[in-house]
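Below: the structure, in structure tokens.
This structure is a prediction, so every number in the text was calculated from the model and none was measured. Proteins get letters first, then strands, A, B, ... in listed order; numbering begins at 1 in each.
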Amino acid sequence: GQQVMQIPQYQHVQEGEDFTTYCNSSTTLSNIQWYKQRPGGHPVFLIQLVKSGEVKKQKRLTFQFGEAKKNSSLHITATQTTDVGTYFCSPYSSASKIIFGSGTRLSIRP
Amino acid sequence: NAGVTQTPKFRILKIGQSMTLQCTQDMNHNYMYWYRQDPGMGLKLIYYSVGAGITDKGEVPNGYNVSRSTTEDFPLRLELAAPSQTSVYFCATSPGQVFGGQFFGPGTRLTVL
């Protein structure tokens, strides 16, 4: 079945530093979604990527979908304390059921 | 619009007891999902539904049952609760399975002692 690896598991950064999380799949994907979960909260949908090589931006967040549609990344520029939380990818392929990556937990030193 | 609502927010069960977790949505979405999230872990799909009267198993269905008699409601039934079912349970909806994100409820925190 489809395997997904999300790295790193944790990242602790100084406020103002950049942050990147990566999601790697063993199979070619139809699309990939990204979610953010604040501590004690529920996952919130951020974005969906569909096209090979696609890049989308939301303010300080940049999302990329690999050319081979097997990997994706989320990059945050100049982190703020409001970025604290766990970021999950959810890759989708027609061959597998819905899965979520294990998440990257971001903590920030003010 | 309330979006996705879940009840109860918290519950403590004794081993062997049963309960139903309620999930209601007013978004008119066909797809609904139940996930569990163990502490510090990701989300595991328990069951999902593509519309009223249609349900299917996810990754971790054992010990759970679901039904979908209406578009709005998707209850999750736990029979013979076990400590391994201690978790946070999230219900989610989406307009489709391939396109469009999932919208999550606030969750139910369940402890089985």
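For A/Val44, no part sits under 4.5 Å from any heavy atom of chain B, backbone or side chain. Only the side chain of A/Gln37 comes within contact range of chain B, with at least one heavy atom under 4.5 Å from a heavy atom of that chain.
B/Tyr31 and B/Tyr47 fall into different hydrophobic clusters, where Ile, Leu, Val, Met, Phe, Trp and Tyr residues are linked whenever their side-chain heavy atoms come under 4.5 Å apart, directly or through other members.
Of the listed residues (A/Gly101, A/Gly103, A/Pro43), the greatest number of heavy-atom pairs within a distance under 4.5 Å of chain B belongs to A/Pro43.
Side chain to side chain, A/Tyr35 and A/Gln33 meet the donor-acceptor criterion of an N or O pair below 3.5 Å.
Contact of the B/Phe103 side chain with the B/His29 side chain is registered, since non-hydrogen atoms from C-beta on lie closer than 4.5 Å.
Between A/Arg60 and A/Asp83 there is a salt bridge, since at least one side-chain N of the basic residue sits less than 4.0 Å from a carboxylate O of the acidic one.
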